[in-house]
Amino acid sequence: MESTDNRQKVDLGRKGEDLAEQYLIDRGYTILQRNEQVGHSDIDILARQGETLVFVEVRTKSDGNRGMPEETLNYSKLKQMRKTAEIYMAKKKYRGPARMDAVCILLPAGGGVTHFEHYKGIG
């Protein structure tokens, strides 16, 4: 049985992905997939902006007391994201332009978004 803490983290992550997806759609991106499983990793949002395939990592936290969501985008996370994107593109035989983005959100319990940043071309 899933713990309450884990359930809350999953729900928070899903809310963050919903917000990020709507943000991208509002800016003309086409959403291709969400939570695409690639090996042992997943792609939060796979989108297209014009001709560019965009791998979007969504980082959502309920508060910034233990650091901002951006701070979780460390070297090993970026390396894992890059590897996942490369595996995906190889599997699909994709040879066009691609990039990795991150959307970082603070979403306090019972409140609205207090921090929202979209970083293009990370890693």
Side-chain angles (χ1 to χ4, degrees):
M1 189 166 181
E2 214 172 8
S3 74
T4 302
D5 276 356
N6 196 37
R7 181 82 242 145
Q8 288 173 338
K9 280 184 178 182
V10 169
D11 289 346
L12 180 66
R14 187 171 295 119
K15 286 177 188 172
E17 288 175 6
D18 290 345
L19 289 167
E21 179 179 22
Q22 191 57 56
Y23 167 88
L24 294 168
I25 290 169
D26 290 347
R27 280 148 188 80
Y29 289 70
T30 302
I31 306 302
L32 304 174
Q33 292 275 103
R34 264 185 64 175
N35 303 112
E36 172 76 15
Q37 206 59 39
V38 179
H40 296 291
S41 294
D42 76 323
I43 301 163
D44 291 339
I45 299 174
L46 183 63
R48 185 173 294 282
Q49 183 186 34
E51 295 300 312
T52 303
L53 188 61
V54 185
F55 297 86
V56 183
E57 176 70 14
V58 181
R59 307 303 278 184
T60 309
K61 294 181 86 177
S62 59
D63 65 63
N65 291 345
R66 289 183 285 152
M68 296 297 282
E70 289 85 342
E71 294 174 53
T72 65
L73 294 168
N74 57 29
Y75 174 79
S76 69
K77 180 61 183 173
L78 293 174
K79 184 177 172 184
Q80 176 194 0
M81 288 171 60
R82 193 170 21 261
K83 182 179 179 183
T84 302
E86 288 169 356
I87 291 168
Y88 177 88
M89 291 188 299
K91 242 171 75 173
K92 301 290 184 177
K93 297 180 176 34
Y94 180 78
R95 299 284 180 255
R99 72 168 195 260
M100 295 187 321
D101 287 7
V103 173
C104 298
I105 303 167
L106 275 182
L107 185 60
V113 174
T114 59
H115 175 80
F116 190 106
E117 290 292 334
H118 178 199
Y119 299 94
K120 296 180 181 180
I122 64 170

Least distance between heavy atoms, [X] atom then [Y] atom:
X: A20; Y: V103; value: CB-CG1, 3.8 Å
X: F55; Y: A98; value: CE1-CB, 4.2 Å
X: A47; Y: I31; value: CB-CD1, 4.1 Å
X: V58; Y: D44; value: N-OD2, 2.8 Å
X: G16; Y: I105; value: O-CD1, 3.4 Å

Under 3.5 Å, is there a donor on one side chain and an acceptor on the other for [X] and [Y]?
X: D18; Y: Q22; result: no
X: Q80; Y: H40; result: no
X: E36; Y: Y88; result: no

query: Does atom CD of E51 have more than 12 heavy-atom neighbours, drawn from other residues, nucleotides or ligands, at distances under 6.0 Å?
result: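 For E51, atom CD is not crowded (no more than 12 foreign heavy atoms under 6.0 Å).
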
query: So, do L73 and M81 sit near enough that their side-chain heavy atoms are less than 4.5 Å apart?
result: yes

task: Please tell me if the side chains of L32 and L53 come closer than 4.5 Å, counting only heavy atoms from C-beta onward.
output: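 Yes. Closest side-chain heavy atoms under 4.5 Å.
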
Let me check something: do [X] and [Y] share a hydrophobic cluster, defined by ILVMFWY side-chain heavy atoms less than 4.5 Å apart, either directly or through other members?
X: I122; Y: M89; answer: yes
X: L46; Y: V54; answer: no
X: I25; Y: V113; answer: yes

[X] side, atom [atom1]; [Y] side, atom [atom2] - distance, nearest 0.5 Å:
X: N74; Y: K79; atom1: CG; atom2: NZ; result: 11.5 Å
X: K77; Y: R82; atom1: NZ; atom2: CZ; result: 12.0 Å
X: E17; Y: T60; atom1: CD; atom2: OG1; result: 7.0 Å
X: E117; Y: L106; atom1: CD; atom2: CG; result: 10.0 Å
X: T72; Y: E70; atom1: OG1; atom2: CD; result: 8.0 Å
X: N35; Y: D42; atom1: CG; atom2: CG; result: 5.5 Å

Salt-bridge contact R7-D11 (side-chain N to carboxylate O under 4.0 Å): yes

task: Give me the ring orientation class for F116 and Y23: parallel if the planes are under 30° apart, tilted from 30 to 60°, perpendicular past 60°.
output: tilted

message: Please check this pair: side chain of K61 against backbone of R66, looking for a donor-acceptor N/O pair closer than 3.5 Å.
response: yes

- request: May I ask you to decide if V38's main-chain N or O and S41's side chain share a donor-acceptor pair within less than 3.5 Å?
  value: no

task: Kindly state each residue pair satisfying side-chain hydrogen bond (donor to acceptor under 3.5 Å, both in side chains) with at least one member in residues 98-107, sequence neighbours excluded.
output: Y29-R99, Q49-R99, R99-D101, D101-H118

